Amino acid sequence: MGVPGSFPGSPGKPQAPVMDREEVDRALGRLGAEHEAIETSLLALQDHAGRRLLEGAELTGVTKDRWAATEQSITVLWAHFDAYTAALTTARELRARRRWPSPDDLAELTELLRGARITVSGAATVGTAGAGQFAGPARLSEQFSLEELVGRMNALYAEALNVIVSADAVWSALPARIDLLAAELRRTLSLARSVGVRPGEHPAGDDLERITYELTQLRAQVVSDPLAFWIPDADRSAAPGGGRPDTARYDRAARALEDARREIEAVLDVRQDAERRLMQLRDVLSRADRTLTEARQARGEVLAKIAASEVPAVSGPPTALHEQLATAAEYRRHAQWHRLSPLLDSLEQRAEDELHRARESLTAVTAPLAVRAELRGRLDAYKAKAARHGLAEDPLLTERYDVARRMLWSAPCDLRAAEHAVLRYQQAVAEALLPPGPDSGPADGPQGGT
């Protein structure tokens, strides 16, 4: 964290002429500053939190392979730094011999500072191939100038830092998010168990089981192979650690958990509302039963009191619905809310249909009684009309009234004959109310109002 991306470079290429005293002093000053910057960066790399995590983790996959190569590169990097330090120390000691160096001293210093005089053994250079920068056959030793050595160290350092920073970025981002999601998953699982949502019994229970397995696997893989979850920037020349963690699997698990949570909350709503809905169902079915009982009683009355009438049969009580209502109550007692929810939805609609059917049955059964009641009311209304006009003692009207009344108030009642008798009485009343005169029309028709 906070480690610079590369060491300070050495501008320009070595020049052939021998350096003078001022040039040597300036070069030594610059190389000394470079040495301090390189050492600071190496120490920071050594103490980097990501490096300590990589060294202590049980790595797998891509990260295991890349870290093995990176560790070798870091070893090579220190070997290069030691060679750089030794060469710089030799040059400083040579310059410190005399205040005014001789031509031979200046020639030797020029060779040290600009020539390829630094020898690095093959064991120290072979690791550079692991960084993906200097692949090639191993050599017994290589010769470098100070400038070339700095360039080699820059490349090794950038590659090592990229691996460390990338792994650390994944570890800093994903495990914590996975842990938070796992905590939410545990709360959801607890809620699911409380409402009876379990694997094998409800789809949401199966989903939660899959999410639990996925998060367990995802966290283990992120911890052991973080670089498998790193998407580098398309620009390969970007600073080390350029890129972002791959959260696709985490995002899918989070969405799946949210969907499961909503499903469980819907089941929870059923639990909280179950007693009210069960009471309403019992009430609806009770009203349907009472209506059917009334219809059966009315049918017996109709059959006893009305003759020559088609009376429809009345079905029995909705036994299947009552059995399913008992099953729903059993589900509620055993907290099987995931089964109760669809059953209540079905029962509510079917119970309303059953109540509607019972009411229609009662209406159909009692229709003949309603017809008889209407005829009775019409007969009495015309009798009252005749009385208002002073015709209460008229023999014909009295005779026809008595005939119709006997039919309507006797059992069984022949509705067709009774209706005909009522019409004859209406006609007689209408004719009796006609004004005198051969051309006058009737005052009231047979169906006139009262």
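Every value quoted in this text rests on a predicted model; they were computed, and no experiment measured them.
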> I'd like to know if the side chain of Trp171 reaches the main chain of Val222, judged simply by a donor and an acceptor atom lying under 3.5 Å from each other, with no hydrogens or angles considered.
yes

> Show the nearest heavy-atom pair for residues Pro318 and Leu285, with the distance to one decimal.
CG-CD2, 4.3 Å

> Backbone N or O of Gln349 within a donor-acceptor pair of the Glu352 side chain at under 3.5 Å?
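Answer holds: no.
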
> Is there a side-chain contact (heavy atoms from CB on, under 4.5 Å) between Val197 and Glu263 once you walk through the steps?
CA-CA 10 Å; Val197 174; Glu263 179 66 23; over 6 Å; no

> Would a 4.5 Å heavy-atom cut-off, applied to side chains only, mark Leu257 and Leu208 as touching?
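Yes, at least one pair of side-chain atoms sits under 4.5 Å.
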
> Starting at CZ of Arg339, measure out to CG of Leu343 and round the result to the nearest 0.5 Å.
11.0 Å

> CH2/Trp230 to CG/Leu227 distance, rounded to the nearest 0.5 angstrom?
9.0 Å

> Any heavy-atom pair between the side chains of Ile306 and Pro412 that's under 4.5 Å?
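They are not in side-chain contact.
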
> For the residue pair Ala432 and Leu391, what are the closest heavy atoms and their distance?
CB-CD1, 3.6 Å

> So, Arg333 and Glu330, do they make that salt bridge, N to O below 4.0 Å?
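Salt bridge flag = yes for Glu330 with Arg333.
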
> Can Glu258 and Arg261 be counted as an ion pair, charged N to O under 4.0 angstrom?
yes

> Sorted by first residue and then second, give each salt bridge (Lys or Arg N to Asp or Glu O under 4.0 Å) pair with at least one member in residues 243-252; sequence neighbours left out.
Glu214-Arg249

> With sequence neighbours excluded, tell me which residues meet salt bridge (Lys or Arg N to Asp or Glu O under 4.0 Å) with Arg210.
Asp207

> Quick one: closest heavy-atom pair of Ala358 and Ala288, and the distance?
CB-O, 3.7 Å

> In sequence, state the C-alpha distance, the side-chain angles, and the governing distance for Thr188 and Ile211, and then conclude on side-chain contact (heavy atoms from CB on, under 4.5 Å).
CA-CA 11 Å; Thr188 305; Ile211 296 168; over 6 Å; no

> Of the non-hydrogen atoms in Leu344 and Ala328, which two are nearest, and what is the gap between them?
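Scanning both residues completely, I find the closest heavy atoms to be CD2-CB, 4.4 Å.
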
> Return the CG to CG distance between Leu218 and Leu181, rounded to the nearest 0.5 Å.
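Answer for the CG-CG pair, Leu218 versus Leu181, is 9.0 Å.
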
> Under 6.0 Å from the NE2 atom of His420, do we count more than 12 heavy atoms belonging to anything else shown?
no

> Partners of Tyr401 by ring-ring contact (aromatic ring centres under 6.0 Å, His included), sequence neighbours excluded?
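For Tyr401, the residues satisfying ring-ring contact (aromatic ring centres under 6.0 Å, His included) (neighbours in sequence not counted) are Tyr425.
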
> Measuring only between side-chain heavy atoms, which start at C-beta, is Ser190 closer than 4.5 Å to Arg187?
no

> For Ala417, give me all partners under side-chain contact (heavy atoms from CB on, under 4.5 Å), at least two apart in sequence or on another chain.
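Ala417 satisfies side-chain contact (heavy atoms from CB on, under 4.5 Å) with Met407, Asp414 once adjacent residues are dropped.
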
> If you look at every heavy atom in Phe229 and Val170, which pair is closest and at what distance?
O-CG2, 3.7 Å

> Can you tell me which residue pairs pass the salt bridge (Lys or Arg N to Asp or Glu O under 4.0 Å) test with a partner in residues 403-412, sequence neighbours excluded?
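Every pair satisfying salt bridge (Lys or Arg N to Asp or Glu O under 4.0 Å) with a residue in residues 403-412: there are none.
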
> For Ala228 and Thr63, work out which heavy atoms get closest and say how close.
N-OG1, 4.2 Å

> Tell me if a side-chain donor or acceptor on Arg299 pairs with a main-chain N or O of Val365 at a distance below 3.5 Å.
no

> Look only at the side chain of His48 and the backbone of Ala44, and say whether a donor-acceptor pair between them is shorter than 3.5 Å.
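Judged by distance alone, no pair lies under 3.5 Å.
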
> Quick check against the 3.5 Å criterion: does Thr366 have a side-chain atom that pairs as donor or acceptor with the backbone of Leu362?
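Looks like yes, one N/O pair under 3.5 Å.
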
> Check whether Ser224 reaches the backbone of Leu59 with its side chain - one donor and one acceptor, N or O, closer than 3.5 Å.
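No; judged by distance alone, with no hydrogens or angles, the pair does not exist.
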
> Tell me, which pairs form a salt bridge (Lys or Arg N to Asp or Glu O under 4.0 Å) where one or both residues lie in residues 356-375, sequence neighbours left out?
Glu354-Arg357, Glu374-Arg378

> Could you walk me through whether Leu278 and Leu325 pass the side-chain contact (heavy atoms from CB on, under 4.5 Å) test, one step at a time?
CA-CA 8 Å; Leu278 283 171; Leu325 182 59; 3.9 Å; yes

> For Asp179, which residues count as a side chain to side chain donor-acceptor pair (under 3.5 Å) partner, sequence neighbours excluded?
Arg219

> Do Val429 and Leu433 come within less than 4.5 Å of each other through their side chains, counting heavy atoms only?
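Of all side-chain heavy-atom pairs linking Leu433 with Val429, at least one is under 4.5 Å.
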
> Could you tell me whether the side chain of Arg66 and the main chain of Val163 form a donor-acceptor pair under 3.5 Å?
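A pair under 3.5 Å: no.
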
> Taking the side chain as every heavy atom from C-beta outward, state whether Leu189 and Leu185 have any atom pair closer than 4.5 Å.
yes

> Pair Leu379, Leu375 - check side-chain contact (heavy atoms from CB on, under 4.5 Å), show working.
CA-CA 6 Å; Leu379 181 65; Leu375 291 174; over 6 Å; no

> Report yes or no: does Arg400 contribute a side-chain atom to a donor-acceptor pair with the main-chain N or O of Pro395 at less than 3.5 Å?
no

> Do Ser346 side-chain atoms and Pro342 backbone N/O form a donor-acceptor pair below 3.5 Å?
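No: the side chain of Ser346 does not pair with the backbone of Pro342.
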
> According to side chain to side chain donor-acceptor pair (under 3.5 Å), who are the partners of Asp283, at least two apart in sequence or on a separate chain?
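Arg287.
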
> State which residues pass ring-ring contact (aromatic ring centres under 6.0 Å, His included) with Phe81; sequence neighbours excluded, sorted by chain then number.
His35, Trp78

> Regarding Thr293 and Arg290, do their side chains bring together a donor and an acceptor under 3.5 Å, going by distance alone?
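No - no donor-acceptor pair under 3.5 Å links their side chains.
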
> Would you mind reporting whether Leu397 and Tyr382 have side-chain heavy atoms less than 4.5 Å apart?
no

> Quick one: do Asp225 and Thr60 satisfy side chain to side chain donor-acceptor pair (under 3.5 Å)? Show the steps, please.
CA-CA 5 Å; Asp225 192 8; Thr60 61; 4.6 Å; no

> Mind checking side chain to side chain donor-acceptor pair (under 3.5 Å) for Glu348 and listing every partner two or more places apart, or none if nothing turns up?
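Arg277.
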
> For the CG atom of Leu45 and the CD1 atom of Ile74, what is their distance to the nearest 0.5 Å?
5.0 Å

> May I ask you to test the Val371-Glu419 pair for a side-chain heavy-atom distance under 4.5 Å?
no

> Quick one: pull up CD in Glu34 and CG in Leu149 and give me the separation to the nearest 0.5 Å.
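Going from CD on Glu34 over to CG on Leu149, the span is 10.5 Å.
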
> Name all pairs fulfilling the ring-ring contact (aromatic ring centres under 6.0 Å, His included) condition that reach into residues 185-210, sequence neighbours left out, sorted by first residue then second.
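Qualifying pairs, neighbours excluded: His202-His338.
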
> Got a second to check how far Asp353's CG is from Leu321's CG, nearest 0.5 Å?
9.0 Å

> Mind checking whether Leu77 and Arg152 have side chains closer than 4.5 Å, heavy atoms only?
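No. Closest side-chain heavy atoms not under 4.5 Å.
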
> Is there a donor-acceptor contact under 3.5 Å from the side chain of Ser410 to the main chain of Cys413?
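It does not hold such a pair.
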
> List in chain and number order the residues that pass side chain to side chain donor-acceptor pair (under 3.5 Å) with Glu55, two or more places apart in sequence or in another chain; answer none if no residue qualifies.
Arg51

